[in-house]
Protein chains: 2
Amino acid sequence: METNGAEQLKRLAAARRRGCGVERTLAVLDGKWTTLIVRELLSGPKRFGEIRAALDSPSAKTITDRLRALEHQRIITRTVYPEIPPRVVYELTGDGHSLAGILYEMLIWGEEHPVSEP
Amino acid sequence: METNGAEQLKRLAAARRRGCGVERTLAVLDGKWTTLIVRELLSGPKRFGEIRAALDSPSAKTITDRLRALEHQRIITRTVYPEIPPRVVYELTGDGHSLAGILYEMLIWGEEHPVSEP
DNA sequence: CGGGATCCCTTCGGATACTG
DNA sequence: CAGTATCCGAAGGGATCCCG
C-alpha cells in the first residue's frame, strides 16, 4: 500500500462529498460487531453459535441484529437446515468476500500501531 | 488488492482473536464520524469550521467529541492560534496519515458496490 | 440450537444557549 | 470562531425468559 500513496490521496480528496464510496462502505460496516462478524466469516461459513463464541459473546440480540442487517445488504446469506436441533449457517456472498481488502488493511494497521493511551 | 488474496485470507484467519489488529483499528476508527473526519484531514490540515461544513453538519458536540478522541489517540494534532477571532487547526499525525490505505480500500469498495436495499 | 420478545440502562448524537 | 454546558430523544446493546 505504499506504492502509489499520492494517487490514493488524490482520489480520496476527490471523493469528499456526501454519498461517496467511503460513506457507502460505512453504511455497511457500521459498528464494531458488524466488522468483526465479517472477519469471522472470511475464513468460511459459520453457525450462529460459532460466531457468537468467537466474538467474546455479545448478547444474542446484538448478533442477530447485525446478521440480519448484513443479510439485508446481501453481504451474507442465511441458510436454515430444518433439523432437530436446528442448524443455521451464515456465509459471505461475493460482495461480502470482496470486503477482505478493507479488513486486511485494518489488520495490518492495527498490528503496526499498538494502542497509545495515557 | 487482487494480487495476493489467498495470503490475506490466511493472515485474517490467523488473527481471529481478541485484541487483534482489526479490533485495535476499530477502537480508533469507531463510528461513522471518526472515519469521515480522518478522510477529510487526509487532504491537508483543516479548521474546525471546515471540518464541520464538510461533514453535512453534525452538531458541534459530536465533532468536538470525535476530534478529542482522535487527538488522545495521537491520530491528529490540535493547534490553537491565540488570535481574535480564535483559530484552531487540526492535522493528521504520521499515524493518522497511515490510515489512508484503509480509507482508500473503503472508497473503492463503496464505489463498486452501490447500495442494494429493497 | 437459534432465535424472538421484552425490559432497561447506557451511549450517541442533535438542538439550543452561552463564553473566551 | 471555536468551543463548553445542558437537555433530550433515539439507538445500541446487555439480561432474561420463552419457543419451535
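Bear in mind that the values here come from a model prediction, so they are computed numbers and not experimental data. Throughout, protein chains are lettered first and strands after them, A, B, ... in sequence-line order, and every chain is numbered starting at 1.
Look at CD1 on Ile63(B): it is 12 Å from C1' on dG14(C), rounded to the nearest Å. One atom, NZ of Lys61(A), and another, P of dG3(C), lie 15 Å apart when rounded to the nearest Å. If you take CD1 of Ile51(B) and C1' of dC1(D), they are 13 Å apart, rounded to a whole angstrom. Summarising the geometry, the separation between CD1 on Ile76(B) and P on dA2(D) is reported as 14 Å, rounded to the nearest angstrom. Between Arg78(A) atom CZ and dC1(C) atom C1' there is a gap of 12 Å when expressed in whole angstrom units. The CG-P distance, from Leu36(B) to dC12(C), rounds to 17 Å in whole Å. Protein atom CZ of Arg52(B) is 15 Å distant from nucleotide atom P of dG13(C), rounded to whole Å. Atom pair Arg47(A):CZ and dG3(C):C1' shows a separation of 13 Å (rounding to whole Å applied).
Toward the 5' end of DNA chain D, the nearer of the two residues Pro85(A) and Ala60(A), judged by each one's closest nucleotide, is Ala60(A). Remark on DNA chain C: of its neighbouring residues Pro86(A) and Arg68(A), the 5'-side contact belongs to Pro86(A), judged by nearest-heavy-atom nucleotide.
Side chain of Tyr90(A), nearest nucleotide from dG3(C), dG13(D), dG13(C): dG3(C). Side-chain atoms of Thr62(A) lie closest to dG13(D) of the nucleotides dG13(C), dT4(D), dG13(D). Relative to the side chain of Val88(B), the nucleotides dG13(C), dA2(D), dG3(C) differ in distance, and dA2(D) lies closest.
Within 4.0 Å of Tyr81(B), counting heavy atoms only, lies no atom of the nucleic acid at all.
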- Task: Could you check Leu67(A) against Arg78(A) for side chain to side chain contact (heavy atoms under 4.5 Å, CB included), going step by step and ending with a plain yes or no?
- Result: CA-CA 9 Å; Leu67(A) 286 172; Arg78(A) 176 174 184 267; over 6 Å; no

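In plain terms, the two heavy atoms of Asp30(A) and Thr34(A) that are nearest each other are O-OG1, 2.9 Å.
Within the 3.5 Å criterion, the main-chain N or O of Trp109(B) finds no donor-acceptor partner in the side chain of Thr25(A). A donor-acceptor pair is defined here as one N or O able to donate and one able to accept, closer than 3.5 Å; such a pair exists between the side chain of Glu50(B) and the backbone of Arg47(B).
Rounded to the nearest 0.5 angstrom, Thr93(A) OG1 and Glu91(A) CD are separated by 9.0 Å.
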